[in-house]
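No hydrogens, no waters, no symmetry mates; every other heavy atom, side chains included, goes into these values. Every value quoted in this text rests on a predicted model; they were computed, and no experiment measured them.
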Amino acid sequence: MQLVFKISLFITFYLGVTVNVSAAIVAPTDTTKSNQQIYYFISNRDADDGSFSMYKARTNQSGISSTIIKGNFEIKGYPHMRKAEISVYNISTDELVGVYKTNPTTGNYLVILIPNVKYEFVINSYGYAPIKKTVEIPAYASTNIIDDISKQKITLEIDEEPIKHSLNTWIVEEKEPTLFLLTVYDENLDKKERIELYESAVFDAEEPGRREIKELQFENIDEALKKQAELENKKPELAEKAFQKKDYKTAEQLYRELLAYDLNDALINYKMGVSTFHLEHNKLKALPFLQRALNGNNIPYDVHYYLGVIYHSWADFARAEIEFIKFKEKATSKELQTLNIERLLTFCNNGKIIVQEQYDMEIISKTTTNISKLNKVFPEEINKDNLLEKTAFFISPIDEKKKEQLWMFKTVQNEMIQTSYGLTESNGKDLFVNFLIGGDKWSIPKTLGEHINTPYNEGYTYVTPDGKTLYFASEGHNTMGGLDIFKSTRNEITEPWGKPVNMGYPINSPYDDFMFVPAENGEEAYFISNRRNVAENHDLYKIKMPKPPLTLTIIKGHFMTQDSIPDFEATITVYNTNNQEIAGIYNTNSNNGNYLMALIPGVKYEFNITTNFDYREHTAFVTIPFQNESFPLRQNIRLKKEGRFEILNVDNFFTQEEAENAPTYQLTKKDFDMPESDQSQHQHKSDNKIKVLSTEQKQLIKDAQQFYTNKQYLKAAQAFEKVAPLIDLTEKQAYMYGKSLFYISKEYEKILNYLELAATNKAIPYDVFYMLGKTNHLAYRFERAVVAYEKYKSLAPENELAEKDIDNEIVLSKFGKNIVNNPKPVEVLEKKSVKTDNFHTIYGSVKTNAKLLLAPDDMLSDTDKKEGFKPTMYLNENKTMIYFASYGDNKENGKDIYLMKKLPDNTWTTPVNIGEAINTLGDEDYPFLSTDGKTIYFSSTAHGSMGGYDVFKSSWDDKTNSWSTPVNLGAPINSPFDDLFYVEER
C-alpha cells in the first residue's frame, strides 16, 4: 500500500492530474536466488549468420514487473504548444495498450509498459498527420521506481516540410540479471508512418490482378477470385438453412458476414439477433441486432418477445413491458399461455416500482455453491445447525410423492418453519410452522397464513435470534421475476407475521434470489442467487448491508463517432461495479447524440458502449462524485478509428465550473445529409526526396533491377540501399528491394517497410503477402502475419499452398500470439556463441544428472546415415537408459525420440519409439530428463510451436504408464526461431 501511495503522488505531482495505473509495479525485493533452478538452452534468434548461442538462465520468482517512463513533448520554437495524444499499441497483437495525454502546459506524460515487449507509439498533435514510432522496452529496463526513472523525449519541427520529428528513449538499466530479450529488432529502424495494409478493407479477397509468381510480370487477372465469389453468393442460402435447423452457431457466423455488406438489413439483423440470443449467456449481446430489426417490414412479431426477455433479464422493466405488450397484441392465445406473458407483465410492473429506489449493495465475495448442501454453505457462527433438511416426521404425503429436497429452519424460540406442499398441493410450496410441545415432540404443522403464502412457491426461511424478523423467498407477492427475498416482522413472538416487504433491487433480481441470512454484526449478510451465472450454477454472495439510497445524480451526455459523417446512435449499458448489477440501459438520441442518466453518487460504474457494426463494444469506468450543490454533470463520449484501431475518449465535466463551461456540439444528423464541404488538411509531402534522378542514380536503379532479375539478392539489396533513402521508390521497385532483403537480411522492420508499400499496388505478384506473413511472424507481429497469410491463401494455387504449408504457418502465428503475450520472467545469467557441430560438448562443464554424448555409428539407422544426421544422446546417471533422436526406417514422420534400456547381461534393448504423445509428423530432438526421471524436456517443430524448434516438457503418468501431452515452455525460452537442447543444472 505504501508503494502504491508513492506512485500515485508521483503521477499527480508530475502531470498535474491523477491517472489510473493498471500495470504492476513491484518494490525492491530480496535478490538472493541461490535455491532457484539453473537451466540452459540454445537458440539462433539473434544471429544474422544462423549461428547459435547458449543461454544460462533461471526463472525470476518475483514475476514480470513494469517500467515507468517519464516523457516530455514539445514543438520546437513553439513553447506554448505542448498538447499531444499518444496511443500505444502492442506490436505482436496490434492491440491498444493505452492512450496517454500530455500536460497541455508542461508537455509531461507518464507511460507504464512491460519489458521484453515492442510497442508502436502513435502521436497526434494539433491536427498534423499522425507520427508513428516503434519503441522496444528492452529486457534490462529497470522496474525499480526507487531508482532513477527511464526518460523519453518527443520533439516536432513544424516550420519545414515534411515535418521533422524525433523520439528518443533513455532506459535505466536493472541492477539485477536481465530478463531475456524476446525480440530481434534494431530500435533505430523506426518508420515514420505505417501503411495500413492490415485493415480488412484492404485485405478484401475480391482484389483483382494478383498473378502467379513470375518475376517482373504484372498483368491483371481475376480467376483466383471465382471460388470466393461463388461462396459469397451461397452465404444467404447457407445461413437460412442453418437458422431453420437451429444451428445458431453456423447461422451467427454467416449472418455476421452478411451484415458487413448491409448493416441495416432488418431481416438479417433479426436472424442474427435470434441466433445470438440462443448462443450467448449474456443476452444483451443480441440487443443491437434486434433493435435494428424493428426498422423493417414483415419482421416476425416474436422480435418483441426476445427484446422483452432481454430487457427484463437486465432489470430494464419499463422497456420490457412495452415489448411484451407489443408481442401480446399480435400473438396467439396459445403463444401467450405457453410463454406466460401475463406473468411476465406482472414482473415488469413490480420491477418498475421496486427499482425506483436503488440500494448501493457492495459485494464482499461471491462463491459458487451447491444448493443441495444448503446447510453447509454458511459460516458455522451463523448457521448453528438451525437450517435442516426435512426429516420423515415433517414430510407430507405430497412432499413424499414429489421426491424433492425441502428445507426447514429451527428458531431459537423452538419453532420449526418448514417448506411443504401441504396436503393438497393447490398453492404450490407454502410455509408452515411446527411448535415444540415437549421433549422432542412437535405439534402438527400450521400454515403461516395468507400474509406469507401465495398461490406460488415459498421457501428458504431464516429467522433472526430474537424471533421477530423472518426472511424467506417467494415467487409470488410483488416479485420482479423468479424467487425474490422478502422480509416480514412481528412485535412479539406470539403474534402472527406481518405483511412481507420485498428486499429491493439489487438484492433481488429477475433471477432466483433466496436464503437471505444477516450476520450477527448487523453490517453484513449472505444470500444465494443464480443471476447471470455462465454455468447456470448458484453463487453465495457475501455483502455489506445495503444503505438507504442517496439522491441520484443527473448526467447530461453527448455521444458521437468521429467519422467524416458521424454516427450519433449508441447504447450505453451501465453497471454498478460494487455488485456488477445493471444500473440502466441508455440509448442516445440517434439524431443529435444526447443522453440523460441518473446514477448514485460515490459509486464507480462500468460503461459498455455499443454503436454501429463498424465498431467493437468498448468499456470505460466512471466514478460519480458526491455533490455539495445540485447541478447536472456533463459528459462527452467520442469514438474514433485510427487505421485498424479504435480509440474511445470519455471526457467528464464533473465540477460545477466544468459543467457550466463544457463544450457543446450543435450539429445533428441532418447537417450531414449533404456532402461535407472541403476542409483544409495538413498535407506533408516528401519534398526532401529527389524528383529528377542523376545519371548515376538511374544506373544504380537499373543495376539493382538487373541483380534482382538474376536472383543476386545480396547485390540487388546493396544497390537499392544506396538510392532508396534519396528517392521515392515505386511499388515495383519496393517489391524488388523488399524481396531481396527478405532473402538476405534480418532487418525485419525495414523489409516490412518496402513490402507493405509494394502490396498497395494490386499488380504486384501475390507472393508479397507470403513474404509479409513470414516477416511479420519473425518480427513477432503475429496478428498481422495471420492476416497476410490468409490473403496469400486466397490468391495462391493449391499446390503452392501445400508446398509452403500455409495452414501450418497460420497455426504457428496463432500459437505465437498466445505464447509471446504470456511471457515467463527469465533472467539470463550468461550467453555465449556455440557451433552446431559440437552441441554434445557444450554442456561438458555443466553439472547435470546425465552424460550428453554423440551417438555412435552402430546406433544410427540407414536413414540417419543417408541424411548425415548424428544425434546427441542422453545417458542417465546410472547408465541404464539412453534417449536419442532418429529418423528411424524412413523420414516420412521426421525425427522421433527413441529409448534404449540396459539389460542385466549388460546388453541393450532394440530402440523403441517413446510414443505418439511425444513424437509427431514434425521433428523431435534433444531429449533431456529431470533428476527423478519423471519429466522429459525435448525440442519439436510441432505440438504448438511458434516457429522452428520450440522446447517442450512432458510428465510421466504412472497410472496410464505413458507420457502426458507436451506443454510449450513459452516465451521467452521459445521464439519464432530454433530453440532447443534444454538442460537443467544439478
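- Annotation for K814: atom NZ does not count as buried by contact number, only 12 or fewer foreign heavy atoms lying within 6.0 Å.
- Note that K118 lies outside the cation-pi zone of Y780, set by a 6.0 Å cut-off to the ring centre and a 45° limit from the axis.
- Between E85 and R638, none of the side-chain N atoms (NZ, or NE/NH1/NH2) sits under 4.0 Å from a carboxylate O, so this pair counts as no salt bridge.
- At least one donor-acceptor pair closer than 3.5 Å links the side chain of D265 to the backbone N or O of I268.
- Under 3.5 Å, the side chains of N753 and E749 contain no donor-acceptor pair of N or O atoms.
- The salt bridge (Lys or Arg N to Asp or Glu O under 4.0 Å) search around D805 returns none, not counting sequence neighbours.
- Side-chain atoms of T102 and I86, non-hydrogen and from C-beta on, do get closer than 4.5 Å to each other.
- Relative to the ring axis of F121, K132 does not place its NZ or CZ within 45° and under 6.0 Å from the centre.
- In the displayed structure, E569 atom CD is contacted under 6.0 Å by at most 12 heavy atoms of other residues, nucleotides or ligands.
- For the pair Q733 (side chain) and T730 (backbone), a donor-acceptor distance under 3.5 Å is present.
- No more than 12 heavy-atom neighbours from other residues, nucleotides or ligands sit within 6.0 angstrom of NZ on K285.
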Salt bridge (Lys or Arg N to Asp or Glu O under 4.0 Å) between E809 and K793, worked out
CA-CA 11 Å; E809 294 286 358; K793 187 177 176 181; over 6 Å; no
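- Look at K669 and D567 and you find no salt bridge, because none of the NZ, NE, NH1 or NH2 atoms lies under 4.0 Å from a carboxylate O.
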